[in-house]
Structures are given as structure tokens and as C-alpha cells.
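Working notes for the structure below.
We're numbering straight along the sequence, starting at 1.
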Amino acid sequence: MRPSTKDDKAQMLLATGVVLMMSLLSMAIFAIKLAGMSVPHDVASDAVIQTTQDVETVLPGLVEARAEVWYDNGVSALESVTQAMDSSHEDLLHHGEISGIEVKLINVTIVDLGSNEIQVDAELGVSDSDAMLMKPIQFIIELQS
């Protein structure tokens, strides 16, 4: 048997290679981030405006349909609309997480006008990485007995 000699040259070479690889990886990640910074924003994108219009168009009918279900099951008109608005808002938040456009309803006020008519006032906030739009919305839900 030959006597074992400890040679650190191979370990040092391996360590140098690992450091070099980490350095190159770090530079590659930095270069990718830098390349993304030069991409201009799409000023022609109308996602915020289109989403705002879509929500304004669909929300009253959605809330009314959901409120009718609650109301038909014995819940008061005011509470039915409140539950319908809450669930609709949760769905809008979830949709925003998926699509990359944040949709929020803030300062929601629900007023019973009598005769099963409920007025809903809110501020609709829609934003993405480039733009933000706040718009007041108002609609009346009339629940049928």
C-alpha cells in the first residue's frame, strides 16, 4: 500500500470553480433584470379603462341576482344586498389576483329606500402596474317579493 498524501490542490480548484460559477450566475441574473428595465410601458394598454367599464356594466346585475337568492331564502332586502356586495367584492379581488389588475370597491354604502329598493354607493378602484382609476358608482337594486 502506498502512503496517503493529503493534497489540497483539487479541493482549492473545486472551490474556485464554485465561486466562479456563482459569480457568473449572479451577473446573469443582474443582466436579465437590467434588460427588463429597458422595456417601455405600453401606453396603448387600456386594461384599466376596459376593466372599469366591465365592472360598471356587470356589477349591478350580478349583485341583484345574488341578492335575489338571499332574499328568496328569507333574508331581509338590506341584508341580502349587503351579502351580495360582499361576495361580489371578494370575487372581484380574486379575479384581480388572477388577471394582474387590482379591482376594489371601497367606501361601500348600502341604504334601504323602502319598498324593497336598496341603493348602493361605492368607489370603484382599478389599477395595474401602469395606471390607476378611481370612479364613483351608484345603482339601485329592486328586489321582487
Study note, to complete from the structure: Nearest heavy-atom approach of R66 to S87 is NH1-OG, 3.0 Å
**Study point:** Where A84 and A67 come nearest, the two heavy atoms and their spacing
**Key:** CB-N, 3.6 Å
Exercise for review: Return yes if some donor-acceptor pair links the side-chain N/O of S23 with the main-chain N/O of V19 below 3.5 Å, else return no.
Suggested key: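 No; judged by distance alone, with no hydrogens or angles, the pair does not exist.
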Check your understanding: Under the 3.5 angstrom rule, does the side chain of Q138 hit a backbone N or O of Q119 as a donor-acceptor pair?
Key -> no
Point to revise | Candidate pair L143 and E68, rule side chain to side chain contact (heavy atoms under 4.5 Å, CB included), full reasoning | key: CA-CA 6 Å; L143 299 174; E68 285 286 346; 3.6 Å; yes
Answer with yes or no whether the hydrophobic clustering places [X] together with [Y]; edges join I, L, V, M, F, W, Y residues whose side-chain heavy atoms lie under 4.5 Å apart.
X	Y	result
L133	V103	yes
W70	V81	no
I110	V75	no
V126	M132	no

Once rounded to the nearest 0.5 Å, what's the spacing between atom [atom1] of [X] and atom [atom2] of [Y]?
X	Y	atom1	atom2	value
D91	D86	CG	CG	11.0 Å
I118	M85	CD1	CE	12.5 Å
N107	M134	CG	CE	7.5 Å
Q53	I49	CD	CD1	7.0 Å
K104	L124	NZ	CG	12.0 Å

Review point. Yes or no on side chain to side chain contact (heavy atoms under 4.5 Å, CB included) for I137 and L105, after CA distance, side-chain angles and deciding distance?
Key: CA-CA 9 Å; I137 59 171; L105 294 168; 3.9 Å; yes
